[in-house]
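In what follows, a structure is listed as structure tokens, so that the remarks can point back to it.
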Amino acid sequence: MGAGAAGDGGTAGEGDGGAVRVWDVDLSGDAGAAGAAGPAAGLLTDAERARAARLADPVRRTALLRSHAAARRLLADHLRLPPERIGWTPGPAGKPALTGAGRGCEWNLSRSGLRALVAVGGAGPVGVDLQAEHPHGDPLALARRFFAPAEAARLAALPPGGARVRRLCLLLSRKEAWAKAAGGRLLDFLRRDVGDAGDGADGPAPRRLGGVEYAVADLTIGPGYAAAVATTGRTTGRIDYRSCDWRDLCVRN
């Protein structure tokens, strides 16, 4: 992957204190318990269980429960706190901020299907986004309607089909990650160009917004997905990426 990944393995909280940590969490498994928290139940709040119960789609319900439980365990390990002391509340645009003992630790969560990314910032705000690659409709028509003209033109230069779908999802993941890092709404970032000069393996050149510089890096996480992480500064710095299974996090001997 780009931006200096550390690879898999290791323990949450180890390593370079200034690195952005990204955990790629597999939320699948135990298909018979779809929609149920199972062993993760003890890591969830009543509000989280109630929110999940209102979701009609069992996959979305399962993803919410397991991703929140996994995030709470990862944050607890990272901050060296018991999981019951990890709580968060949504900000004005929905981005969660830690409360209580965890206040001040910058983090973010994104999920798509039965997969989630949990990011913890190094020295400032962080945003992360995961997109399963699917058309969302006609990629070119959507890019021309919602994205910057230059982005739509570059997408139009690609052959129809999978290449355009992948590009659309990559641009969308960059915009969403940037919006989250800035604490804003995706709608306000759709027309901001995240694909011109500097575009490459690690993502686009830094962008300025409200006098603050933001860096966006692509995450190479395997076929069928696009993902990106964003931070303040000219570069995201080192990205410590590791993969894990929700059951390994939520079932402790």
Side-chain angles (χ1 to χ4, degrees), residues 1-26 67-68 70-81 86 88 91 93-98 102-112 115-131 170-184 186 189 194-195 198-209 212-222 225-244 249:
M1 63 172 277
D8 296 347
T11 301
E14 291 180 350
D16 181 1
V20 175
R21 294 178 173 85
V22 179
W23 290 274
D24 184 346
V25 187
D26 182 357
S67 64
H68 279 215
R72 185 164 282 111
R73 176 65 73 182
L74 287 167
L75 290 165
D77 288 356
H78 177 76
L79 294 169
R80 295 179 172 84
L81 292 170
I86 301 296
W88 55 77
K95 181 183 179 181
L98 291 182
R103 186 186 302 273
C105 174
E106 295 285 349
W107 79 290
N108 199 219
L109 166 68
S110 179
R111 59 182 174 269
S112 183
R115 190 173 185 179
L117 296 179
V118 179
V120 177
V126 63
V128 70
D129 190 64
L130 175 68
Q131 298 281 333
L170 176 62
L171 292 173
L172 190 57
S173 69
R174 291 176 179 177
K175 293 171 190 286
E176 182 78 69
W178 183 14
K180 290 178 175 181
L186 174 61
F189 286 75
V194 291
D199 191 9
D202 293 339
R207 297 294 191 276
R208 293 189 69 83
L209 177 67
V212 178
E213 203 160 38
Y214 292 89
V216 182
D218 300 331
L219 299 173
T220 305
I221 61 172
Y225 287 89
V229 63
T231 65
T232 53
R234 289 196 56 79
T235 174
T236 61
R238 179 170 173 269
I239 297 177
D240 181 2
Y241 170 90
R242 50 193 73 190
S243 58
C244 54
L249 296 171

Is there side-chain contact between T220 and Y241, with heavy atoms separated by less than 4.5 Å?
-> no
Give the minimum heavy-atom separation between A119 and V22, together with the two atoms involved.
-> CB-CG2, 4.1 Å
Can you name the nearest heavy-atom pair linking G195 to P204, along with the distance?
-> N-CB, 4.4 Å
Could you tell me how the ring of W88 sits relative to the ring of W107: parallel (under 30°), tilted (30 to 60°) or perpendicular (over 60°)?
-> tilted
Rounded to the nearest 0.5 Å, how far does CG of L171 lie from CZ of R174?
-> 6.0 Å
In Å, rounded to the nearest 0.5 Å, how long is the span from OG1 of T236 to CG of D218?
-> 10.0 Å
Compare every heavy atom of S110 with every heavy atom of V128, then report the nearest pair and how far apart it is.
-> O-CB, 3.5 Å
Nearest heavy-atom contact between A70 and L249 is CB-CD1, 3.7 Å
Any L219 side-chain heavy atom under 4.5 Å of D24 side chain | no
Kindly indicate whether the side chain of R21, heavy atoms from C-beta on, has any atom under 4.5 Å from the side chain of L74.
-> no
Under the side-chain hydrogen bond (donor to acceptor under 3.5 Å, both in side chains) rule, collect the residues that match up with S67, sequence neighbours excluded.
-> R111
Would you check if V120 and L75 make a side-chain contact, meaning some heavy-atom pair closer than 4.5 Å?
-> yes
For the residue pair S243 and V25, establish whether any side-chain heavy-atom pair is separated by less than 4.5 Å.
-> no
What distance separates W23 CH2 from L109 CG, expressed to the nearest 0.5 Å?
-> 12.0 Å
Taking side-chain hydrogen bond (donor to acceptor under 3.5 Å, both in side chains) as the test, write out the residues that go with Q131, two or more places apart.
-> D129
Drop me the distance from R72's CZ to L98's CG, to the nearest 0.5 angstrom.
-> 9.5 Å
Atom of K95, atom of V126 and distance for their closest heavy-atom approach = NZ-O, 2.8 Å
Identify, with sequence neighbours excluded, every residue that meets ring pair (Phe, Tyr, Trp, His ring centres under 6.0 Å) alongside F189.
-> W178
How close do V20 and V229 get, heavy atom to heavy atom, and via which atoms?
-> CG1-CG2, 4.1 Å
